[in-house]
Amino acid sequence: MKVKGLFWVVLAILLNISLVSAMQVTYTVEAHAVDVNNVSGVTETSSTQDCTANCSYPMPSFTIPENYTVTGYALKFTASDNYKIFFNSTGNANTNDANDLVIVEVVQQQQPPKNDTPPKEPELTCNENTCDKGCVVCEDDNCHPKGFVCKAELTLDKISPTSIGVGNTQINILLKNTGTVDIENVKAELAGDGITTIESIPIDNLVAGDKDYAFVRINASKPGTIDLVVKIFIKGKQKSSLVSQLNVAKPEAPVENITKNETPEFNVTELTAKINSLKERYRLAEEDYQNKKLAGYIVDVVPDKLKEAHSYVTDAQFYLFEGTYKKVASNIEVAEDSLDNIENILKNAQQKKETWGDKIKSNLVYIGSLAAAFISIITAYSLIKRSVKHGEIAERIPKRLKEKFGKKSEESAEAKKEAKPEEKKKDHKVDELE
């Protein structure tokens, strides 16, 4: 009986703990949509859930009119330190997935016991060279530490100009990466009443926290204050839709005359081909510079000239989409001269010659040997000088001369003794003849 009673007490305690730790959370999911005329609309559904730790809930259903298309979903809730709410696929409060899940994480506010030391987790190496299991890899393929939240999010910082005329115009869209990961291939498109996107120039790479411009060339067919929908694409997929306004002024002259006056006096196709050719020449020049720099050629002046040429090519590209063709031609001409100069410098570049100082540095052992030999010569000279001073060599020289030339004198004397009897015989014969 005592054991059974203890069981029910423990069970009651566990039930009380579960009830205390559960938290009631209320959130609202908004569905953003636009109709065929690009007029935006919003519908929402609220939910209240009890969550103890980590909970996931399906996306609520929405009733969308037939002529409307959903562009995205957004979460609205009261911020609190006791819980977090986000979409499962994005990790934030925005998504384009109609089948996404709403994630609720309850933060437990319990204090650990004073004497209870939590086990130390093993340290992870999370960098571009080593990415241990447990590190976080985001859409940008970069390895981040454990607990890192991958968040790809863009905000519209500015649109310029905000007032244009009827016809073709370039719109500059300043976007800011407010997420935690780098984003590649960011492109914008504009839509609205009478607004048509003709061409869009993407941002190749936008680092987290940075801003950059995406350029869009549009055609405005009628005047008025237009509700402009800015569609943001990342790697070809639409991620969000931002809303702004654009003022289109009434034309002062007939549209036919404006079109005639705006007809460029330049061949746009030819200008585009020249810019593409300059880009290729720049790429080859930069590659040649890197190779010759590694080979030890003197090319120190080339980097600044490459930056200058790149600036002219970029300006030509900018003015081409702006429609200022005269400036395009001017920048192309200067860029060609600049690249001609760079190519000539690289062609005539020479490798560095080894100076006397360099030879000395690279032959320290040889120089040390010469120095030792020179010291030996000086030492020998000092010893010889000391010997001469004490008369040692002076005594040895006569002795050596005597030994050498004395033998020759004795040999000559013996030769004379042998020759004298023969002479006497000759004299005796002479006497007999007489």
Side-chain angles (χ1 to χ4, degrees), residues 8-32 42-62 70-124 126 132-140 142-156 176-183 208-209 239-242:
W8 287 110
V9 170
V10 172
L11 181 60
I13 292 173
L14 292 176
L15 289 173
N16 288 332
I17 291 174
S18 64
L19 291 174
V20 170
S21 59
M23 181 173 293
Q24 191 176 72
V25 178
T26 301
Y27 59 87
T28 301
V29 180
E30 294 181 347
H32 295 258
V42 178
T43 182
E44 60 183 33
T45 299
S46 298
S47 299
T48 299
Q49 307 288 349
D50 289 330
C51 182
T52 57
N54 296 325
C55 308
S56 61
Y57 305 104
M59 183 77 75
S61 59
F62 298 92
V70 176
T71 59
Y73 302 89
L75 275 169
K76 301 296 181 182
F77 55 91
T78 302
S80 174
D81 294 333
N82 298 324
Y83 58 83
K84 297 178 182 179
I85 305 177
F86 52 89
F87 286 114
N88 182 58
S89 65
T90 62
N92 55 51
N94 295 284
T95 185
N96 292 321
D97 188 356
N99 297 318
D100 214 335
L101 295 175
V102 178
I103 305 299
V104 177
E105 290 183 358
V106 176
V107 180
Q108 300 294 337
Q109 302 294 330
Q110 297 179 354
Q111 293 291 337
K114 293 182 179 181
N115 297 328
D116 187 11
T117 302
K120 186 177 181 180
E121 294 185 0
E123 294 185 0
L124 301 177
C126 306
D132 292 340
K133 185 178 181 181
C135 299
V136 179
V137 180
C138 302
E139 294 180 3
D140 57 356
N142 290 332
C143 185
H144 302 279
K146 183 179 180 180
F148 184 86
V149 178
C150 301
K151 183 180 179 182
E153 189 174 73
L154 291 167
T155 57
L156 179 63
K176 182 178 181 180
N177 185 347
T178 54
T180 58
V181 297
D182 300 347
I183 302 176
K239 291 296 182 181
S240 60
S241 295
L242 310 173

Visitor: Minimum heavy-atom separation for T78 to Y83, with atom names?
Guide: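 Heavy-atom minimum between the residues: O-OH, 2.5 Å.
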Visitor: What is the distance from atom CE of M59 to atom OH of Y73, rounded to the nearest 0.5 Å?
Guide: 6.0 Å
Visitor: Can you tell if the side chain of Y57 reaches within under 4.5 Å of the side chain of V104, non-hydrogen atoms only?
Guide: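 Answer yes - side chains close enough.
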Visitor: Mind listing the side-chain donor-acceptor pairs of residues 87-95 below 3.5 Å, one per line with the distance, residues two or more places apart or on another chain?
Guide:
residue, atom, partner, partner atom, Å
S89, OG, T95, OG1, 3.4
S89, OG, D100, OD2, 2.4
T90, OG1, N92, N, 3.3
T90, OG1, N92, OD1, 3.0
T90, OG1, N94, O, 2.7
N92, OD1, N94, N, 2.9
T95, OG1, D97, N, 3.1
T95, OG1, D100, OD2, 2.8

Visitor: Got a sec, which residues hit side-chain contact (heavy atoms from CB on, under 4.5 Å) with E105, two or more places apart in sequence or on another chain?
Guide: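 So E105 forms a side-chain contact (heavy atoms from CB on, under 4.5 Å) with N54, K84, F86, I103.
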Visitor: Examine distances only and state if a side-chain atom of D182 and a backbone atom of A208 form a donor-acceptor pair shorter than 3.5 Å.
Guide: yes
Visitor: Looking at residues at least two apart in the chain, or sitting in another chain, which of them share a side-chain contact (heavy atoms from CB on, under 4.5 Å) with C138?
Guide: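 So C138 forms a side-chain contact (heavy atoms from CB on, under 4.5 Å) with V136, D140, H144, F148, C150, V181.
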Visitor: State whether the SG distance for the cysteine pair C143/C135 is less than 2.5 Å.
Guide: no
Visitor: Has the side chain of T180 got a donor or acceptor atom that lies under 3.5 Å from a matching backbone atom of K151?
Guide: yes
Visitor: Among residues at least two apart in sequence or on other chains, which ones pass side chain to side chain donor-acceptor pair (under 3.5 Å) with T48?
Guide: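 Once residues adjacent in sequence are excluded, the partners of T48 under the side chain to side chain donor-acceptor pair (under 3.5 Å) criterion are T26.
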Visitor: Could you tell me which non-hydrogen atom of N177 sits nearest to which non-hydrogen atom of E153, and how far apart they are?
Guide: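 The answer is OD1-O, 3.3 Å.
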Visitor: Tell me every residue that passes side chain to side chain donor-acceptor pair (under 3.5 Å) with T43, counting only those two or more places apart in sequence or in another chain.
Guide: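 For T43 there are no side chain to side chain donor-acceptor pair (under 3.5 Å) partners, ignoring immediate neighbours.
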Visitor: What is the minimum heavy-atom distance between K133 and L124, and which atoms define it?
Guide: O-CD2, 3.7 Å
Visitor: Taking all atoms of both residues into account, what is the closest heavy-atom pair of T52 and V106, and its distance?
Guide: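 For T52 and V106, the tightest heavy-atom pair comes out as O-CB, 3.7 Å.
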Visitor: Got a sec, which residues hit side-chain contact (heavy atoms from CB on, under 4.5 Å) with S46, two or more places apart in sequence or on another chain?
Guide: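 Partners of S46 under the side-chain contact (heavy atoms from CB on, under 4.5 Å) test: T28.
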Visitor: Report the residues that fulfil side-chain contact (heavy atoms from CB on, under 4.5 Å) with E30, sequence neighbours left out, ordered by chain and then residue number.
Guide: H32, V42, E44, A74, K76
Visitor: Look up atom CD1 in I85 and atom CZ in F77, then write down how far apart they are to the nearest 0.5 Å.
Guide: 5.0 Å
Visitor: If you round to the nearest 0.5 Å, how far is CG of N96 from OG1 of T71?
Guide: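 The distance works out to 7.5 Å.
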Visitor: Is there a side-chain contact between T178 and L154, using heavy atoms and a 4.5 Å cut-off?
Guide: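 The answer is no, as the side chains (C-beta and beyond) never meet within the 4.5 Å cut-off.
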